[in-house]
Amino acid sequence: MRTKVELRHLRYFTTVADTCHFGRAAKLLHMTQSTLSLAIRQLEDELGVSLLTRTTRQVRLTPAGEFFLTEAQRILRGVDLGIRSVRLIGDGRLGLVRIGFTGMSALLYLSTIIQAVKRRLPKAKVEIHDDLASSSQCDRLRDDTMDIGMLHPPFAGDGLETKVIASEPLIVVMRADHRLAGRPVVLMSDLRDEDFVSYREADPAVDQAVARGCSDAGFTPRDGHRASSTAALLALVAGGLGVGVVPASARALPIPGIAFRDLTGVPPVQLALAWRKAQTAPMMSAVLAVLDEICPGPRPPAAGYGRPAGPAGARPAARSTAARAR
């Protein structure tokens, strides 16, 4: 048979146990002493054991009452914690949000986003999925295994909302002893006879920009080796397997033996936030509001610009040598 003990019985009993006095307990509970006494009797009858010994002068816990007090307090703490947590979830201040990054966007924004979310939503848990290609992020967003992505548009398919937050130039990376390494700025046409090290998993934005730049320069890029990440691509370039065209934020990766140079004749790529359409989770709305503040939108790059704009609030970098010469 199920025991019919209600939460109110636990609160009544713990208050009596704390005060050891029915009169004071009844006053704290805003009820009459007789009603409280009856409720405790009902609790004892339901449990089939005496929890309190009562005299005209004092109220004391029985051994069973001491044990039950510990359990009742534990249950009430759990209930109170659950109520507080539900309210925080409803307000969008508690929960899990899963954020994905391309390899280089993590360098630009990851620390800024983590700090902002911790400051504004201290009870939120952020799960990071880093070094993911844009296509993989889109798949995870649609499969509901990720909530927000930082990726390069455009992408195929629908069901996602996006917000462009930055426009980043592409640069060329080569060995430090390459014939073009002595130039501050390289033209796309200078790469006509080079082998290209590219990404193993297609990045439509970078691939399209490189293809367009090569086409405008009158040649088709020679596909040499492919790398799984920007760090691997730089290592292959350092090994002499070709040149690479990468987002300008790759300058932050200190790979020995390579040189980064500004590249003209290739359009920049955009960086965007993406999330599922009709997103209704309060936590998601709260995190997106934080991201909207720290990632307000792209700034147009200066002519010949070869370094990333970085998170909102960062000082714009100086223009390249080619831009200053104009």
Side-chain angles (χ1 to χ4, degrees), residues 1-99 111 113-129 143-148 275-276 278-291 293:
M1 180 181 295
R2 293 183 61 183
T3 302
K4 298 178 181 178
V5 175
E6 301 176 14
L7 284 179
R8 64 185 180 92
H9 290 122
L10 302 185
R11 298 194 188 279
Y12 295 166
F13 171 69
T14 56
T15 304
V16 172
D18 288 342
T19 60
C20 292
H21 194 283
F22 273 88
R24 287 195 292 270
K27 187 175 182 180
L28 290 172
L29 293 167
H30 305 288
M31 60 194 305
T32 66
Q33 182 173 335
S34 59
T35 302
L36 175 60
S37 181
L38 176 61
I40 297 298
R41 288 290 186 192
Q42 290 173 340
L43 174 62
E44 291 176 320
D45 290 344
E46 189 66 37
L47 296 176
V49 64
S50 295
L51 300 174
L52 302 167
T53 58
R54 306 162 176 82
T55 68
T56 56
R57 302 183 63 178
Q58 63 180 354
V59 175
R60 299 178 61 183
L61 291 169
T62 66
E66 291 177 354
F67 175 82
F68 190 70
L69 175 62
T70 300
E71 293 302 303
Q73 289 171 333
R74 179 183 60 81
I75 293 169
L76 291 174
R77 283 196 301 270
V79 171
D80 290 341
L81 176 61
I83 292 172
R84 290 195 300 271
S85 298
V86 165
R87 288 171 177 168
L88 288 172
I89 292 171
D91 292 338
R93 291 182 288 154
L94 177 66
L96 171 69
V97 61
R98 302 157 296 178
I99 306 179
S111 62
I113 287 173
I114 294 298
Q115 291 173 17
V117 172
K118 285 178 63 178
R119 185 173 59 252
R120 291 279 302 277
L121 304 167
K123 294 187 178 296
K125 181 180 179 182
V126 179
E127 182 179 285
I128 301 301
H129 300 249
D143 292 344
D144 195 18
T145 55
M146 204 171 75
D147 300 307
I148 301 173
W275 60 94
R276 289 182 301 281
Q279 183 60 253
T280 59
M283 171 56 68
M284 274 290 299
S285 299
V287 172
L288 285 172
V290 173
L291 297 183
E293 291 183 9

message: For a 4.5 angstrom cut-off between non-hydrogen side-chain atoms, does Gln42 reach Leu38?
response: yes

query: Is the backbone of Thr15 close enough, under 3.5 Å, to the side chain of Thr19 for a donor and an acceptor to pair up by distance?
result: yes

query: Going by heavy atoms in the side chains, are Trp275 and Leu288 under 4.5 Å from each other?
result: yes

Atom pair CZ/CG of Arg24 and Asp18 - distance to nearest 0.5 Å: 11.5 Å

- line: Residues His9 and Ala39: closest non-hydrogen pair is CD2-O, 3.8 Å

- prompt: Rounded to the nearest 0.5 Å, how far does CZ of Arg11 lie from CG of Asp80?
  reply: 5.0 Å

message: Quick check for you: to the nearest 0.5 Å, what is the distance between Leu51 atom CG and Ile40 atom CD1?
response: 7.5 Å

- prompt: Could Arg119 and Glu293 be called an ion pair, given the rule that one side-chain N must be under 4.0 Å from one carboxylate O?
  reply: no

- line: Output for pair (Ile75 CD1, Leu7 CG), nearest 0.5 Å, gives 8.0 Å

field: Pairwise ring pair (Phe, Tyr, Trp, His ring centres under 6.0 Å) hits with a residue in residues 31-78, at least two apart
entry: Phe13-Phe68

- prompt: Is the backbone N or O of Leu52 less than 3.5 Å from a side-chain atom of Glu44, with the two atoms forming a donor-acceptor pair by type?
  reply: yes

- request: Check salt bridge (Lys or Arg N to Asp or Glu O under 4.0 Å) between Arg60 and all other residues, then give those that pass, not counting sequence neighbours.
  value: none

statement: Sorted by chain and residue number, the salt bridge (Lys or Arg N to Asp or Glu O under 4.0 Å) partners of Glu66 (sequence neighbours excluded) come out as none

message: Does any part of the side chain of Ile114, heavy atoms only, come nearer than 4.5 Å to the side chain of Ile128, both counted from C-beta?
response: yes

field: Nearest-0.5 Å distance, OG1 of residue Thr14 to CG of residue Leu69
entry: 7.0 Å

- prompt: What are the two closest non-hydrogen atoms of Phe22 and Val59, and how far apart are they?
  reply: CD1-CG2, 3.7 Å

query: How long is the gap from CG on Asp147 to CD on Glu127, to the nearest 0.5 Å?
result: 8.5 Å

task: Please report the closest heavy-atom contact between Val290 and Ala116, naming both atoms and the distance.
output: CG1-CB, 3.7 Å

- prompt: With a 4.0 Å cut-off, would you call Asp144 and Arg98 a salt bridge?
  reply: yes

- prompt: Of all heavy-atom pairs between Ala64 and Ser50, which one has the smallest distance, and what is that distance?
  reply: CB-O, 4.0 Å

